[in-house]
Structures are given as C-alpha cells and as structure tokens.
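Remarks on the structure that follows.
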Amino acid sequence: MARLTVVAEERDGAGGGEANLRADGVTHVFETAGGPLMAVTDVSFTVEEGTFVGLVGPSGCGKSSLLQMMAGLLNPTEGRIVMGEEEIREPRPAEIGVVFQESSLLPWKSARENVEFPLYLRGVERSVREKKALEMLDLVGLGEFAERRPHELSGGMKQRVAIARGFCQDPSVLLMDEPFAALDEQTRMTLGDELLQIWERHKKTVVFVTHSLTEAVYLCDKVLVMSARPGRILKEIDIALPRPRTYDLMATETFGRLRAEIWELIRGGDRP
Amino acid sequence: MSGAGRLSAQIGIVVGIFLAWEAAVQTGVANPRIVPPPSQVLPMALAMLGDPEVLHHLWITSAQVMLAFVLVAPLGVAIGLLLGESDYFGRAFKPFFYFVASVPKSVFLPVFILAFGIGFTQKVAFGMFQAIFVLVISAIAAADSVSADYLKMARAYGASRRQIYQDIYLPAMLPVIVEGLRLGMIFNITGVLFAEMYVSRAGLGHLVANWGMSFEMVKLFAGILLAAVLSIAVNESLRWYEKRIGAWRG
C-alpha cells in the first residue's frame with residue numbers, strides 16, 4: 001500500500017488544478033433540417049486532475065457531443081467548458097489528446113506514421129517524432145508492427161494504435177470517444193485492462209465515453225450518468241473500488257450494485 | 001495459385017486462343033477471306049511497326065490522345081472536386097453530369113465536325129468530350145470517399161486547413177482519382193479512334209476504316225491488333241500505378 005500513498009501524494013503535489021476539466025451549464029443545440037435539436041442541456045460537472053471519469057447514457061444522449069465540446073471540436077450554445085482557468089473554444093492538441101475509434105486511423109499511413117501524426121502536424125522533427133512514436137507503440141505492445149498499415153492489423157491492434165496516438169503528445173487530458181465500441185467483448189476487456197495499466201503509470205486525466213456499463217464501472221473513478229436526449233447529468237456515481245483493478249472485482253457485490261445503480265438510472269431516465 | 005502459376009496459365013489461354021483461331025481457318029471452319037489466320041496477321045502487325053507510313057498515322061493518333069488527355073484530365077478532376085465539395089455547385093450541376101453521362105456521346109459527332117472540321121482539333125475535342133463525364137463523376141466519388149472520421153481526428157490534433165488538404169484529402173482521394181483517369185483514358189481513346197473512323201484524313205482509325213472498306217482483311221486485323229495492344233498497354237500501366245498508390249486500400 002506504500003506505493004498507493006506515494007501516488008496519492010504525487011497527485012496532491014501536482015494538483016494545481018491545471019488539468020481540471022469543468023463544464024459550466026453547458027447546452028448544445030444542433031441546427032438540423034427539421035429544426036433545432038437540443039443535444040445536451042444545462043450540464044455541469046468537474047473532472048479532477050488525474051482521475052478517470054466515465055460518461056454513460058442511452059444512445060443519442062449527447063455524450064459524444066459533450067466530448068467533442070471538451071475537445072474543442074464543437075462549441076457550446078450556452079455555458080462553457082473550462083480547463084484550469086481557460087475556456088476551451090478550439091482544439092488544444094498539446095494539452096488535450098483525443099482517442100477516436102479505429103476508423104479514424106489513416107489507412108495510407110503505417111502504424112508508426114499514424115501515431116506520430118499529431119507531432120507531424122506540429123512540425124516536430126522527423127527523428128524525434130519517430131522515436132516517440134516507437135516508444136508509444138512499445139507501450140501498447142505493438143513495437144514490431146510499427147511499419148504495418150491499418151488493413152494488416154486486427155481490430156484490437158488498430159485500437160491500440162489509436163490509443164498510442166492519443167498518448168503520443170503526452171497531453172495532460174485524454175478524451176476517449178467510445179474507443180472500444182467496434183471491438184468484441186474479449187478484446188475490449190483486454191484493452192481496458194491494458195489502458196488501466198498505462199494510466200496507472202502516467203495518471204492522465206481521462207474522460208471515457210462508453211455505452212458499456214461494465215466497462216464504465218471497471219475503469220472509472222467516477223461515472224457521470226446521462227439521461228436520454230436532451231442529455232442531462234442524472235447523477236455522479238463514485239466508484240469506490242480499490243486500484244489497481246482486477247477481473248475478480250467484477251464478481252464482487254459492490255461492482256454488481258454500482259452497475260445495477262447505473263442501469264436503473266439510465267432505464268428510469270428513458271421513461272417520460 | 002502462385003503468381004507465376006497464374007501468369008503461365010494466362011499466357012497459355014492467350015496462346016490457346018491464337019492456336020484455335022489458326023486451326024479454325026486451316027480446317028475451313030472460318031472463311032479465310034473474312035477471317036485471315038494469325039500466321040498472316042501477326043507478321044503483318046510486326047511489319048506495320050516498321051512501316052514509316054503506318055507509324056506516321058499511329059503518331060498522329062497518339063498525339064491526339066495525349067493532347068486530349070493532358071487538357072481534359074485537370075479540367076474534369078477540377079470540376080468533379082468542385083461539385084463534390086461545394087454544396088451549392090454540387091446540388092446545381094451534379095444531376096446534369098449524371099444525365100448527360102448516360103447519353104451515347106457518338107450521336108454528338110456530327111456536331112463536332114460542323115464545329116471543328118475533320119482535322120486534328122476535332123479529334124482532340126471529341127476525345128475530351130468522351131472522357132470528361134467519367135472524370136467528373138469519379139472525382140465526385142473521390143471527394144465523397146474522404147471519411148468524416150479522418151477530418152474530425154485531424155482537426156482534434158490541430159491540423160491547419162492546408163494540412164487537412166495536403167495530408168488528408170489528397171492521399172485519401174488519389175487512388176480514386178487515378179482510377180478515374182484510367183477510365184477517362186479508355187473513353188478518350190475510344191472517342192479519338194471513333195472520330196478518325198467516321199471521317200478523317202489520318203490516324204490509326206482512318207487506316208482501319210479504309211482497310212475495312214477496301215476489303216484488306218489481313219491489314220484490317222493487324223490494325224485492330226495494334227489498337228488493342230496499345231490500349232491495353234496504356235490501361236495496364238495506369239492500373240499498375242493505381243494499385244501502387246492505393247495499396248493501403250487492402
């Protein structure tokens with residue numbers, strides 16, 4: 001337990017709050033052909049620096065819109081997203097990394113070139129970004145597949161490349177938009193575990209959008225449960241499970257209770 | 001089947017066709033006055049490649065095809081990308097291209113003769129006309145093929161407008177555009193040869209049409225063979241390039 005204490009102290013020491021991510025009364029309205037569509041309404045929450053926070057809710061509840069607003073890809077119609085002291089109105093690749101689904105890999109680039117793409121965009125020197133990309137691929141266990149193109153990799157491997165790309169710039173915040181949604185259950189569990197191992201070492205602030213409740217409870221420190229459209233935060237649930245997380249936790253009563261609680265909220269929120 | 005095994009099987013098929021053709025003529029199944037045997041056609045085709053007069057006509061056809069292609073390729077691709085990327089132009093003009101693309105272009109040939117005469121310019125113009133529709137349509141498809149996921153990812157990582165064009169749009173579209181160029185080339189060759197056969201004073205199409213009318217069957221078949229081999233060579237080299245730059249398509 002000594003190790004955990006050290007980690008906690010480090011977190012306190014570094015916890016100047018520069019990587020706190022906050023939503024203040026965020027509302028987003030899409031203009032569609034059928035008229036305005038309210039995706040999320042009056043959403044407020046805080047993601048503490050160094051924590052792993054999940055965002056769950058029924059399909060179309062606006063959780064992806066919310067994530068895109070945190071990434072600066074979309075601006076709130078009302079309210080604001082704040083990181084530290086600054087409002088986020090546009091992408092900030094150096095501080096906020098985004099992990100998309102595997103379909104976001106560029107198929108004409110090798111795994112390594114995909115991972116170093118964010119560095120390439122910033123004009124980082126070739127040798128530096130190559131070294132960094134290989135380091136990141138090693139981190140996700142794909143060192144020997146660096147020169148393969150996405151079509152030569154399995155779904156799980158592609159998603160690992162997308163994760164490595166998210167980590168490549170060493171951002172303080174990592175936003176993950178249903179990263180494992182396209183994967184089968186077994187691959188998804190393995191990748192979740194690997195992600196946690198990496199996270200334990202790097203302690204980034206993570207916001208993880210998912211529609212898998214098991215995944216949310218297993219990975220997160222806190223889960224934000226959203227209602228059906230227009231999305232609101234129904235409840236913030238603290239996941240009081242010890243870390244590092246292991247599979248046998250899934251069999252515990254606490255795990256089952258937390259999962260059931262989230263499910264009840266989502267189901268209830270669906271009803272008019 | 002291994003690559004080498006497949007290649008030898010394919011060569012075998014071609015040789016087999018020529019042998020069957022020869023046998024059909026020799027046994028009297030085919031009338032040699034209408035279908036001359038390959039034993040006469042192949043030497044004639046080879047002799048033509050050393051005949052300055054035939055080479056002159058071949059050169060004229062090639063020049064027309066190349067000029068038409070050099071002019072129409074950037075034009076067609078530019079129009080296609082404009083229609084594919086601009087909502088306004090796309091909605092206004094896309095239907096026009098789809099409709100006219102289905103009309104056989106050959107019915108317009110008399111118009112081209114009246115407008116451009118029967119010389120070099122008219123062949124180039126008609127080749128361009130034949131090719132432009134497939135170029136435009138495939139460039140529209142190329143623009144549509146750029147996944148929104150790539151664009152969202154690039155923007156999240158801070159790509160500038162120029163970087164999005166250079167590092168996302170261009171590589172994503174290139175294989176589809178080259179495929180369109182290859183199809184455009186086929187249509188272009190068809191247009192030029194057809195125009196030459198209809199009315200002209202020079203070119204491979206002109207020779208083939210004349211040999212047919214004067215019943216010079218060995219020369220006619222040799223001419224057809226040359227046109228076929230040259231077209232296949234052009235098509236295959238573009239396809240090789242297309243495969244090379246599109247290897248990532250899996």
- Item | Contacting region of B:L174 [heavy-atom separation from chain A under 4.5 Å] | neither
- Query: Of the backbone (N, CA, C, O) and the side chain (C-beta and beyond), which part of B:A172 lies under 4.5 Å from a heavy atom of chain A, both, or neither?
  - Reply: both
Which answer fits [X], side chain, backbone, both or neither, if we ask what part of it has an atom under 4.5 Å from a heavy atom of chain B?
{"X": "A:Q101", "result": "neither"}
{"X": "A:L105", "result": "backbone"}
{"X": "A:Q68", "result": "side chain"}

Parallel, tilted or perpendicular: which one describes the rings of [X] and [Y], with boundaries at 30° and 60°?
{"X": "A:F52", "Y": "A:F208", "value": "tilted"}
{"X": "B:F133", "Y": "B:F97", "value": "tilted"}
{"X": "B:F108", "Y": "B:F129", "value": "perpendicular"}

- Distance under 6.0 Å and angle within 45° of ring axis: A:K109 vs A:F117: no
- Task: Assess the side chains of B:Q130 and B:T190: does a donor N or O sit below 3.5 Å from an acceptor N or O?
- Result: no
- Query: Which one, A:P107, A:A71, A:P118, A:P93, leads in non-hydrogen pairs under 4.5 Å with chain B?
  - Reply: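 So the answer, after comparing A:P107, A:A71, A:P118, A:P93, is A:P107.
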